[in-house]
Student: 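Below is the structure I would like to discuss, written out as structure tokens.
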Amino acid sequence: MIRAFIFDLDGVLTDTSEFHYLAWKRLAEEEGIPFTREDNEALRGVSRHDSLRRLLKGRTLPPEQFEEWAERKNRYYLELIAQITPQNLLPGALEFLQALQKAGLKRAIASSSKNARWVVERLNLLPWVDVLVDGTMVERSKPAPDLFLKAAELLGEQPYVCVVVEDAEAGIEAARAAGMRVIGLGPRERVGKADLVIPRLDALGLDEILRHLEHDS
Ligand code: BG6
Ligand code: MG
């Protein structure tokens, strides 16, 4: 039985990955570090500190400098997302949340981002979810299962009745580690380990999605 859906935010409900890319790129250019769009793809779903570690490719920084770089990237990111409105929702996102509510299924957002609450407010999504879990609420980020387990706990549901919707490899790993079913959004090379792969949220209706997932379980 499926009783709840837990959504990742960046890349699932809204597309902030371009803004993350531009913010990391600005920092990388200032510091003379090569950084491409392809490098950015590997940062999907990965926390701010882990992203910086990957950007540094094995090089280490004194802790204070590491913090300053992470904060600087976040300042650039916040400048870029200041203008977010409900227009920045991905196609089908709001309709999917509404269909779930109509079907009596619970809804949560679980994001590695420490800016998630602010983004969700700007998108006007708070009225459509029961629970919001963000990067400030758990120690370990994705691919650890903590964000999803916290969401299930706050929803009052067991992991095995929850379905995660993710666009990142790290997120799919996290959902599996939590013992949840998972829908992957995007190309198979990235999300192929999900139980069901669809290109975007408006690609299949809720009934069809539930049939696929319940049939395979
Ligand atoms: C995830 C993004 O949702 O949040 C990552 O996919 C990002 O790219 C991570 O690094 C952390 O975000 P923030 O806003 O806390 O820096
Ligand atoms: Mg994501």
Side-chain angles (χ1 to χ4, degrees), residues 5-28 35-56 66-82 84 88-90 92-93 96 108-123 125 129 132-148 150-151 163-176 178 180 182-187 189-194 197-201:
F5 274 66
I6 304 175
F7 294 85
D8 172 51
L9 176 65
D10 295 326
V12 168
L13 298 173
T14 185
D15 202 356
T16 43
S17 79
E18 180 67 14
F19 300 137
H20 281 293
Y21 166 68
L22 293 172
W24 283 124
K25 179 84 184 154
R26 185 167 163 196
L27 176 81
F35 184 70
T36 63
R37 274 179 196 280
E38 208 186 342
D39 295 330
N40 188 59
E41 274 301 298
L43 305 184
R44 266 180 199 263
V46 176
S47 74
R48 195 181 309 162
H49 282 180
D50 288 343
S51 296
L52 179 52
R53 273 186 276 277
R54 289 190 194 193
L55 185 122
L56 289 168
F66 185 88
E67 246 352 284
E68 191 276 319
W69 286 28
E71 275 168 28
R72 195 172 352 140
K73 180 269 172 177
N74 194 48
R75 263 202 327 274
Y76 298 156
Y77 179 65
L78 290 177
E79 276 173 30
L80 290 164
I81 61 168
I84 284 189
N88 292 89
L89 282 167
L90 279 168
F96 200 86
I109 293 174
S111 167
S112 310
S113 171
K114 295 190 161 138
N115 299 301
R117 176 164 290 274
W118 192 86
V119 173
V120 169
E121 279 171 10
R122 302 278 314 172
L123 292 169
L125 282 184
V129 294
L132 168 63
V133 180
D134 67 28
T136 66
M137 294 166 71
V138 296
E139 275 297 308
R140 297 183 309 163
S141 193
K142 300 168 190 177
D146 305 27
L147 284 157
F148 295 137
K150 184 84 190 162
V163 176
V164 168
V165 188
E166 259 295 347
D167 69 308
E169 204 174 352
I172 289 175
E173 218 178 292
R176 291 215 161 279
M180 298 177 182
V182 54
I183 300 173
L185 293 191
E189 311 84 71
R190 195 171 78 214
V191 297
K193 291 191 185 124
V197 175
I198 52 177
R200 27 192 270 173
L201 262 186

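What's counted below: heavy atoms across the whole structure, side chains too, no hydrogens, waters or symmetry copies. Read the numbers this way: they start at 1 and go in the same order the structure lists the ligands and their atoms.
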Student: Quick one, list the residues around ligand 1 where some non-hydrogen atom comes in under 4.0 Å, by chain and residue number.
Tutor: D10, H20, L43, R44, G45, V46, S47, R48, S51, S111, S112, S113, K114, N115
Student: Run the salt bridge (charged side-chain N to carboxylate O under 4.0 Å, His left out) test on E41 and R37 for me, step by step, so that the C-alpha distance in whole Å, both residues' side-chain angles and the decisive distance to 0.1 Å come before the verdict.
Tutor: CA-CA 6 Å; E41 274 301 298; R37 274 179 196 280; over 6 Å; no
Student: Using 4.0 Å as the upper bound for N to carboxylate O, is an ion pair formed by E71 and R75?
Tutor: no
Student: Which protein N, O or S atoms does the Mg ion (ligand 2) have within a distance shorter than 2.8 Å?
Tutor: D8 OD2, D10 O, D167 OD1
Student: Quick one: which of V119, V129, V12, V133 gives a side chain to side chain contact (heavy atoms under 4.5 Å, CB included) with I109?
Tutor: V129
Student: For the side chain of S113 and the backbone of N115, is there at least one donor-acceptor N/O pair under 3.5 Å apart?
Tutor: yes
Student: Going by salt bridge (charged side-chain N to carboxylate O under 4.0 Å, His left out), name the residues that satisfy it together with R48, two or more places apart in sequence or in a different chain.
Tutor: none
Student: Out of L9, I81, L125, which residue meets the side chain to side chain contact (heavy atoms under 4.5 Å, CB included) rule with T14?
Tutor: L9
Student: Check whether any side-chain heavy atom of Y76 lies under 4.5 Å from a side-chain heavy atom of L22, and answer yes or no.
Tutor: no
Student: Hey, does D134 have a side-chain heavy atom less than 4.5 Å from the side chain of V120?
Tutor: no
Student: Can you give the donor-acceptor pairs under 3.5 Å from side chains of residues 163-170 to other protein atoms, not counting sequence neighbours?
Tutor:
from: E166; atom 1: OE1; to: A168; atom 2: N; distance (Å): 3.2
from: E166; atom 1: OE2; to: K142; atom 2: NZ; distance (Å): 2.8
from: D167; atom 1: OD2; to: R44; atom 2: NH1; distance (Å): 2.5

